[in-house]
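One structure is given here, and the rest of the page talks about it.
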Amino acid sequence: ETWLQGLQQSIHRTIAKSISRIVRDVGLGVAMEEWAFKYPAQVARLGLLYYWTKECELAVSELKYERKAIPNASKKFSTVINRLPTCLTRGAWKGLDEPFLPIHKLRLQNMITYSLYLRDTLDSLGNRKLRDVTDFEWRRNIRFYMHETGEGSETHQLCILDGRYEYGCEFLGGHLPIAMTALTERCFLTMSQALTQLKGSAVIGGTGVGKTATVKGLAYLLGRYIAVFACLPQMDSTALGKIIQGMAADGCW
């Protein structure tokens, strides 16, 4: 048990350091396709989101002086992400003398899927009446920031409207539970508002429409552990209590 706890803490520290490094790579202008070689899939996605947030806020702040600031930012973002499918099709790294492994292919595929969603979101910003980064139409989007604390450390923060969440650094692998769409984003926005008020959420829908996957997607986005269990008619309070007791003993609840 002690060894597993140490392993978990080591994984969290490694992911946190990787996030800090990819943020620095964004500032240094490191090629986006290299992220898939250097970092896990979830870290590469956060790097994409950080870069997108940075470019969008810069464009929104320039709207007072340049009416085409958002379309220009969209063109720039599209040019940058177009390198990803090129690298995937080529099946080799540009400027790196390293093998192109299946895990790298999976990371690139995840980055391409997420970058297309971010590109479409950026395009839609041009149709909204935005004036400042404090406007609702901007704050309703999922954003990612890194803040330096006074102690020399860094905090990684995801924001959805008024909700601010420190990234959990839980290792979640390379397979995405759900693809981001406008509907998924609205679900995340609603669930985020419930979380900030310490309330629960009930995702309603038919069989196989993605209710569980949507909840898993929010956990993946926030880098948090999620426990999924089926509530059957045969279950009673004792069975549920054992599940909650086990989660508390593990330290994840």
Side-chain angles (χ1 to χ4, degrees), residues 10-58 73-123 141-146 154 156-158 167-181 184-185 188 213 216-226:
S10 177
I11 291 173
H12 286 191
R13 287 194 301 268
T14 301
I15 293 178
K17 290 178 181 177
S18 296
I19 295 172
S20 298
R21 286 199 298 268
I22 199 171
V23 168
R24 284 192 285 271
D25 282 355
V26 171
L28 294 172
V30 175
M32 191 172 287
E33 60 268 25
E34 291 187 20
W35 301 352
F37 172 75
K38 299 170 64 176
Y39 304 107
Q42 64 191 88
V43 176
R45 278 167 57 91
L46 283 177
L48 262 174
L49 184 57
Y50 176 82
Y51 175 77
W52 179 85
T53 303
K54 179 182 175 183
E55 292 296 319
C56 286
E57 290 200 341
L58 180 62
S74 180
K75 290 179 182 177
K76 179 182 177 182
F77 186 75
S78 298
T79 302
V80 172
I81 65 174
N82 282 341
R83 302 172 187 168
L84 300 176
T86 302
C87 181
L88 182 62
T89 304
R90 187 170 56 239
W93 303 111
K94 183 179 180 181
L96 290 175
D97 189 17
E98 298 290 343
F100 190 88
L101 303 177
I103 185 62
H104 299 140
K105 180 180 179 181
L106 177 62
R107 292 173 184 173
L108 280 171
Q109 289 172 342
N110 288 342
M111 290 177 68
I112 291 169
T113 302
Y114 195 49
S115 65
L116 293 178
Y117 158 74
L118 294 176
R119 182 200 62 188
D120 293 342
T121 304
L122 179 53
D123 289 340
N141 295 290
I142 301 167
R143 291 115 52 210
F144 181 66
Y145 305 93
M146 188 178 80
E154 297 158 335
H156 312 115
Q157 197 172 67
L158 275 153
Y167 191 72
C169 294
E170 184 78 24
F171 180 71
L172 300 169
H175 292 280
L176 305 179
I178 191 170
M180 286 295 296
T181 63
T184 310
E185 182 185 358
F188 286 178
K216 288 181 178 179
L218 181 61
Y220 190 102
L221 177 71
L222 301 177
R224 301 297 179 92
Y225 175 83
I226 180 170

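Values reported hereafter were calculated over all heavy atoms of this structure, with side chains retained and with hydrogens, waters and symmetry mates removed.
- A distance of 5.0 Å separates NE2 of H175 from CG of L106, quoted to the nearest 0.5 Å.
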Using the rule given for side chain to side chain contact (heavy atoms under 4.5 Å, CB included), can you reason through I81 versus M32, listing the C-alpha separation, both sets of side-chain angles and the distance that settles it, and then say yes or no? CA-CA 7 Å; I81 65 174; M32 191 172 287; 4.1 Å; yes
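- In plain terms, the two heavy atoms of E185 and Y117 that are nearest each other are OE1-OH, 3.1 Å.
- Classified by interplanar angle (parallel below 30°, tilted 30° to 60°, perpendicular above 60°), the ring pair H104/F37 is tilted.
- Listed for the N110 side chain is no donor-acceptor partner under 3.5 Å among the backbone atoms of L176.
- Considering CD of Q42 and CD1 of I19, their distance stands at 7.5 Å, rounded to 0.5 Å.
- Taken to the nearest 0.5 Å, the CG atom of L88 stands 16.0 Å off from the CZ atom of R83.
- Residues T121 and W52 have side chains in contact (heavy-atom distance under 4.5 Å, counting atoms from C-beta outward).
- Rounding to the nearest 0.5 Å gives a distance of 9.5 Å between CG of N141 and CG of L122.
- A donor-acceptor distance shorter than 3.5 angstrom exists from the side chain of Y220 to the backbone of G173, with no hydrogens or angles considered.
- Counted by atom type alone, T89 and T86 present zero donor-acceptor pairs between their side chains at under 3.5 Å.
- Considering all non-hydrogen atoms of both residues, W35 and V30 come closest at NE1-O, 3.7 Å.
- Taken to the nearest 0.5 Å, the NE2 atom of H12 stands 9.5 Å off from the OH atom of Y167.
- No side-chain heavy atom of R224 sits under 4.5 Å from any side-chain heavy atom of L218.
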Between E170 and L222, does a side chain to side chain contact (heavy atoms under 4.5 Å, CB included) hold up when you go through it step by step? CA-CA 9 Å; E170 184 78 24; L222 301 177; over 6 Å; no
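- Using a 4.5 Å heavy-atom cutoff, the side chains of M180 and L221 are not in contact.
- Using a 4.5 Å cut-off on side-chain heavy atoms (C-beta onward), R45 and L49 make no contact.
- Inter-residue side-chain proximity for K38 and R21 is flagged as unmet; no heavy-atom pair is nearer than 4.5 Å.
- Closest of all the heavy-atom pairs between S115 and L84 is OG-CD1, 4.2 Å.
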V80 and Y51: CA distance, side-chain angles, deciding distance, side chain to side chain contact (heavy atoms under 4.5 Å, CB included) verdict: CA-CA 11 Å; V80 172; Y51 175 77; 3.5 Å; yes
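- Contact of the F77 side chain with the C56 side chain is not registered, since no non-hydrogen atoms from C-beta on lie closer than 4.5 Å.
- The pair E33-K94 fails the salt-bridge criterion, with no side-chain N (NZ, NE, NH1 or NH2) lying under 4.0 Å from an Asp/Glu carboxylate O.
- Taking both residues in full, the closest heavy atoms of L108 and C87 are given as CD1-SG, 3.9 Å, listed atom of the first, atom of the second, then distance.
- Across every non-hydrogen atom of A179 and T184, the tightest pair is O-OG1, 3.5 Å.
- Side-chain atoms of S18 never come within 3.5 Å of backbone atoms of Y39 as a donor-acceptor pair (strictly under, hydrogens ignored).
- Classification of R24 and E154 as a salt-bridged pair holds, one side-chain N sitting under 4.0 Å from a carboxylate O.
- Closest heavy-atom contact between M111 and A44: SD-CB, 3.7 Å.
- Note that CD1 of I15 is 11.0 Å distant from NE2 of H156, once rounded to the nearest 0.5 Å.
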